[in-house]
Amino acid sequence: MPYIFRTAFRYLLSKEKGVRKTTVYIVLGITAALASFLTILALMRAMRGGNLKAIREIQSFDIVLKDSSLTPLEIEGIPGVVKAFHFKDYDVLFSKGESPFLIDEPSSFIPGRIRAIDVSAYRSSDEIDFAMISPSVQGKPSGGFGGFIPSFALSSALYLYSGEETEVMFLKEGRTRLATPFFVRFTPSGFYRSTYPDFDSRYAFIGLDTAEELLGENNFDIGILCAGGYKNADKVSKAISSMDPGCSTTTFIQANKTLYSALMLESRVIYSFLFLVSLVVLLQLKSATSRIISIKRKDAGILRVLGFNRRRVRAVFVLYGMIMLVFSEILAVAISFLICANVDSVFRLMDFFFSMFGRRLFLSSMALEMNVSWTETLVTCVLTMIFGFLFILSGCRTVFRRDPVRVVMDASY
Amino acid sequence: MALIEIRNMVKSYEGLLVLDGVDLFLEAGKSYAITGKSGSGKSTLLHVASLLDKPDSGEYFLDGKEITEEDYRSDTLLSRTRLFRFGFVFQDNFLIGDYTALDNVVVPLALQGIPKTDAEALAREALDAVGLRERMRHKPAELSTGEKQRVSICRALVSAPDVIFADEPTGALDEENAAVVEEMLLSLSRDGGRTLVLVTHDADFAMMCDNVYRIQSKKLVRIK
């Protein structure tokens, strides 16, 4: 066995013109393809994560439960549920109330939402505060959750000064909701700020008791956060339905079907593309192995004459291919990690390159958190090794269909 | 008992009948020369005798044990026999181009599993004996034809095989180098007790062997 390794290494470092050129090209080809593969996976994950995060800001719950007789505490007893709490979203129009300071301010309505939330669900632990609704929501309002808490951006848009009232027009539930609006005036008890502009500019929070008192609400929905996120929502949803058949559950995916489908479509397109890249790599590996064996056929014949059996000769070339593959994988992983760590510079370079052709991609303006996942890398490398091995073996079998010892014998005639 | 015995062997090459009912009896420590016209089947006979090729029909005995169809198919016994018991010298020396002279001689020893340092010591000794001490680190492309052939002979002999098969070993050499190689090979059976099977066009070289055969009309005819 060691001699097979030694011979394979010798061939890898061979200075023979055709062999060296082929070896270098294969290593570069596989490295480039694998590095692209891993980088695209990381990029896709970063973009998907960004999109999903943005969606979840608006509809932050893994499951929304309506018309249920179950209490949040009962739901929290179901395996896979992390947190359950009452809430209700209202479509509203915000406007500024009468100002004691300015009389010539613009008076306009800003469409938005008010979310009534179960305050106790967030106050149960010091570690779980306002950020529980969404990890991006920063800070804790000074006046507690009982009052009206608009976002800082919404307050700015309404020219709202501290202590000033906000007039909120509720559009009552029902088929004719637009026809039956009513107004409530709130004085903000605090503000919040979020990194997500859509959420930041549209939402205000009130406590459940406020909703009951001022709006006469008595039919709250239940928001559920699942262990492992929305991916496990289906399982939990089924468990809830079996406990309370009359309720209606909407999972995160169902609530965001269009966006989620778009993301899925994007994933499928990218995976198909990556599959083709992998196929090209594997076929290249197969043809390169065949090419190397063809060049080294005489050597293989000599080894056969000297006592190598067919399997051992084949093992030399399979090992040769596998060493190239492993070497390429190591290089590819290093390159993809480098690209991900310097993605801003890479994007700036790409922006500059495409701008020369009049195309403006604005890639560098994307705030992506790109990380190569170790699991993804490991799975990709192992799969590449397995399929690479099979394709190399297939390349060897094709070339060795005719015993290489014949090269030596034919030369003697 | 014969070392190698071939009985009633028939062999075609690319559809053409080359050998028809050939019998060959090789004893240990003797030298055998096979002569004949070009294309008469000398090399074919050598390939069958050295287990590189399979006869179409006939029987092959090694140390009295028949090589069966299954042995030919599995290749294990044949490869092991070539590795441990046979040595080969060809007209085209068939050295591995990427390897130095020393590495080329080490190959059969390494294949036998001999540790690298021991194998290199044996190879050095063999190359030293044929006057190639200074050329050990040179690759085949940097050696003359005569030197390459001497390396090739070293490679064939270094693992002390029972039989040396030599196919036109002096065919590509000048007179001086040919004489050196002839002497090296003949001394193997004369002084070393090895069996030499030689295929050659050179009648004088052939006549120096203990037994001389000629392939005539697809049959093997004993001359000496």
Side-chain angles (χ1 to χ4, degrees), chain A residues 1-24 292-317 319-320 323-324 396-397 400-413, chain B residues 13-14 18 38-39 41-44 46-48 50-54 73-99 103-104 106-116 119 139 141 152 155-156 159 161 165 167-168 171 199:
Chain A
M1 196 66 176
Y3 192 72
I4 295 176
F5 269 107
R6 252 160 61 198
T7 314
F9 264 109
R10 287 273 189 139
Y11 286 173
L12 203 70
L13 303 173
S14 171
K15 286 179 183 167
E16 203 175 327
K17 203 177 156 196
V19 179
R20 174 178 266 194
K21 208 167 143 185
T22 311
T23 307
V24 171
I292 293 286
I293 298 170
S294 301
I295 298 169
K296 287 283 179 192
R297 212 179 160 78
K298 193 179 117 186
D299 283 7
I302 297 167
L303 290 173
R304 288 277 292 124
V305 169
L306 295 177
F308 255 38
N309 60 26
R310 280 189 289 263
R311 216 171 36 211
R312 288 177 88 184
V313 171
R314 203 184 302 148
V316 169
F317 291 97
L319 260 175
Y320 166 85
I323 295 168
M324 275 195 309
C396 288
R397 286 174 78 97
F400 283 139
R401 210 165 277 156
R402 189 165 183 260
D403 193 337
V405 79
R406 292 234 68 96
V407 177
V408 176
M409 282 159 53
D410 289 348
S412 313
Y413 293 124
Chain B
Y13 181 66
E14 293 188 353
V18 182
S38 292
K42 306 184 294 294
S43 294
T44 306
L46 186 96
H47 295 153
V48 172
S50 61
L51 296 174
L52 285 174
D53 209 354
K54 176 179 170 292
R73 209 175 14 249
S74 80
D75 190 47
T76 311
L77 176 72
L78 274 58
S79 302
R80 284 188 68 80
T81 307
R82 285 201 300 272
L83 176 59
F84 288 98
R85 305 198 58 187
F86 295 170
F88 294 88
V89 181
F90 295 96
Q91 179 178 348
D92 177 357
N93 48 71
F94 285 123
L95 298 177
I96 297 173
D98 283 331
Y99 289 16
D103 290 337
N104 265 290
V106 164
V107 173
L109 300 170
L111 294 184
Q112 286 181 6
I114 294 170
K116 197 182 169 195
K139 291 196 171 167
S152 170
R155 185 179 66 185
S159 55
F165 293 96
D167 192 353
E168 302 279 10
V199 163

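Side-chain atoms are counted along with the backbone in the values below, which use heavy atoms only and exclude waters and symmetry mates. Here is how names work: the chains are called A, B, and so on, in the same order as the sequence lines, proteins then strands, and each is numbered from 1.
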| said: For B:K42, give me all partners under salt bridge (charged side-chain N to carboxylate O under 4.0 Å, His left out), at least two apart in sequence or on another chain. | reply: none
| query | Measuring heavy-atom distances to chain A, does B:L95 have an atom under 4.5 Å in its side chain, in its backbone, in both, or in neither? | reply | backbone
How long is the straight-line distance from [atom2] of [Y] back to [atom1] of [X], given to the nearest 0.5 Å?
| X | Y | atom1 | atom2 | value |
| --- | --- | --- | --- | --- |
| A:M324 | A:I292 | CE | CD1 | 6.0 Å |
| B:L77 | A:N309 | CG | CG | 11.5 Å |
| B:L52 | B:D167 | CG | CG | 10.0 Å |

| Should B:D98 and A:K296 count as an ion pair when the cut-off is N to O under 4.0 Å? | yes
Please flag which part of [X] lies under 4.5 Å from any non-hydrogen atom of chain B: side chain, backbone, both or neither.
| X | answer |
| --- | --- |
| A:I302 | side chain |
| A:V405 | side chain |
| A:R311 | neither |

| said: What verdict does the side chain to side chain contact (heavy atoms under 4.5 Å, CB included) test give for A:T23 and A:Y320, after you've listed the backbone C-alpha separation in whole Å, the side-chain angles of each residue and the deciding distance to 0.1 Å? | reply: CA-CA 10 Å; A:T23 307; A:Y320 166 85; 2.6 Å; yes
| request: Tell me the residues of residues 78-88 of chain B whose non-hydrogen atoms fall below 4.5 Å from those of chain A, in number order. | output: B:S79, B:R82, B:L83, B:F88
| request: Sequence neighbours left out, what passes side-chain hydrogen bond (donor to acceptor under 3.5 Å, both in side chains) with B:K116? Give chain and number order. | output: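 By the side-chain hydrogen bond (donor to acceptor under 3.5 Å, both in side chains) rule, B:K116 matches no residue at all.
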| In chain order, what residues pass the ring-ring contact (aromatic ring centres under 6.0 Å, His included) check against A:Y11, with sequence neighbours excluded? | A:F317
